[in-house]
2 protein chains.
Amino acid sequence: MENVDLDTVNKVKPKMPDTTLLYELSDFFKLMGDSTRIRLLWALEENEMCVGELALLLNMTKSAVSHQLKALRSAKLVKAQKRGKNVFYALSDHHVRTVLEMALEHVAE
Amino acid sequence: MENVDLDTVNKVKPKMPDTTLLYELSDFFKLMGDSTRIRLLWALEENEMCVGELALLLNMTKSAVSHQLKALRSAKLVKAQKRGKNVFYALSDHHVRTVLEMALEHVAE
DNA sequence: ATTATAGTTGAACAACTGTTCAACTGTCAA
DNA sequence: TTGACAGTTGAACAGTTGTTCAACTATAAT
């Protein structure tokens with residue numbers, strides 16, 4: 001004897017996005033849900049930088065930075081370019097900028 | 001003998017947002033970075049619903065749903081209203097809608 | 001060739017996260 | 001008041017995550 005409105009549930013059910021899409025969506029947000037990665041993205045929005053510069057800027061080890069850059073890279077949020085001994089990273093998509101600004105607006109209110 | 005451009009680092013450093021803001025920002029994304037919570041938000045965008053309905057819709061226990069709703073509630077993303085034996089949840093802010101659609105656009109490309 | 005630096009990688013570890021379970025509160029109906 | 005149902009809560013557990021460490025590759029300079 002459940003006290004739920006089945007009509008409501010059945011009305012909403014077909015409007016839910018595809019499961020695959022939902023996972024991609026939450027994976028995207030998961031990637032942003034870490035202060036280190038957010039800082040990396042923010043920094044790269046200002047300037048392309050190599051791993052050592054990013055490490056210095058964020059006061060972290062190169063290893064830690066490299067690990068996080070790898071995550072951002074496999075999500076295609078940043079791209080890497082090797083020049084000499086250095087690997088320079090840059091935003092691959094300025095869609096990211098919009099989302100960041102959007103969220104900042106939400107948070108800052 | 002570090003091979004980094006200190007000028008770049010020093011130029012970017014003051015442009016980085018305040019630490020507190022960065023944490024709020026990543027906390028916000030962290031909250032979205034879970035498929036259950038995303039689905040809850042999506043569902044509530046269609047209709048306010050009680051815990052039992054949400055549990056049915058998402059095929060989860062009421063307990064699990066309740067736990068996640070609590071997280072969303074303390075972040076002020078949803079609001080609760082008790083009516084009789086039921087507790088109805090609704091989006092407290094349709095800023096959320098914009099961010100979701102924004103991100104969806106990014107993911108869906 | 002040798003050495004030093006830049007960056008990457010994988011394993012290990014601690015910290016955190018989401019779900020389950022069981023016990024609980026509060027509300028309605030009989 | 002008793003019973004049934006809606007929802008909440010905290011502890012426990014497994015799975016995941018981020019950083020560290022040490023070993024590694026690759027490039028440049030001497």
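Residue numbers start from 1 in every chain, and the chains themselves are labelled A, B, ... in the order their sequence lines are given, proteins ahead of strands.
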Exercise. Which of the following nucleotides, D:dT27, D:dG7, C:dG7, is nearest to the side chain of A:K85?
Worked result: D:dT27
Exercise. Yes or no on side chain to side chain contact (heavy atoms under 4.5 Å, CB included) for B:M32 and B:L100, after CA distance, side-chain angles and deciding distance?
Worked result: CA-CA 9 Å; B:M32 313 284 271; B:L100 276 177; 4.1 Å; yes
Exercise. What is the distance, rounded to the nearest whole Å, between atom CD of B:E53 and atom C1' of D:dC5?
Worked result: 14 Å
Seminar exercise, completed: B:I38 atom CD1 is separated from C:dT17 atom C1', nearest whole Å, by 16 Å
For this session: Give one of base, sugar-phosphate or nothing for A:Y89, where a contact means two heavy atoms less than 4.0 Å apart.
Result: sugar-phosphate
Problem set entry | Nucleotide C:dA29, atom C1' - distance to CG of A:N3 in whole Å | 12 Å
Exercise. What closest approach, in Å, do A:L58 and A:T36 show between heavy atoms, and which atom pair accounts for it?
Worked result: CD1-O, 4.2 Å
For this session: When you get a sec, tell me which of C:dG26, D:dA26, D:dG7 is the closest nucleotide to the side chain of B:K82?
Result: C:dG26
Exercise. C:dA6 P sits how many Å from A:F88 CZ, rounded?
Worked result: 11 Å
Exercise. Should the pair B:E48-B:R83 be classified as a salt bridge under the 4.0 Å nitrogen-to-oxygen rule?
Worked result: yes
For this session: Might you work through the side chain to side chain contact (heavy atoms under 4.5 Å, CB included) test for B:M16 and A:W42, ending with a clear yes or no?
Result: CA-CA 7 Å; B:M16 294 298 282; A:W42 208 284; 4.2 Å; yes
Problem set entry | Separation of atom NZ in A:K62 from atom C1' in D:dT25, rounded to whole Å | 14 Å
Problem set entry | Among D:dT9, C:dG7, C:dG10, the one nearest A:K70 by side-chain distance | C:dG10
For this session: Starting from C1' on C:dG26, measure out to CZ on B:R83 and report it in whole angstrom.
Result: 17 Å
Exercise. Can you name the side-chain hydrogen bond (donor to acceptor under 3.5 Å, both in side chains) partners of A:E101, sequence neighbours left out?
Worked result: A:R97
Report all interatomic pairs (protein N or O, nucleotide N or O of nucleotides 18-20 of chain C) with separations under 3.5 Å.
from   : atom 1 : to    : atom 2 : distance (Å)
C:dG18 : OP1    : B:R37 : NH1    : 3.0
C:dG18 : OP1    : B:R37 : NH2    : 2.7
C:dG18 : OP2    : B:R37 : NH1    : 3.3
C:dT19 : OP1    : B:T36 : OG1    : 2.9
C:dT19 : OP2    : B:Q68 : NE2    : 2.7
C:dT20 : O4     : B:H67 : NE2    : 3.2

Exercise. Of the candidate nucleotides D:dA6, D:dT9, C:dA6, which contains the atom at the shortest distance from the side chain of A:N86?
Worked result: C:dA6
Exercise. Once you round it to whole Å, what is the distance between C1' of D:dG18 and CZ of B:F29?
Worked result: 19 Å
Exercise. What are the two closest heavy atoms between B:K11 and A:N47, and how far apart are they?
Worked result: NZ-ND2, 2.6 Å
Scan the side chains in residues 19-26 of chain B for donor-acceptor partners under 3.5 Å anywhere in the protein, sequence neighbours excluded, and list what turns up.
from  : atom 1 : to    : atom 2 : distance (Å)
B:T20 : OG1    : B:D18 : OD2    : 3.3
B:S26 : OG     : B:L22 : O      : 3.3
B:S26 : OG     : B:Y23 : O      : 3.2

Exercise. Taking CG from B:L54 and C1' from D:dA6, how many angstroms apart are they, rounded to a whole number?
Worked result: 13 Å
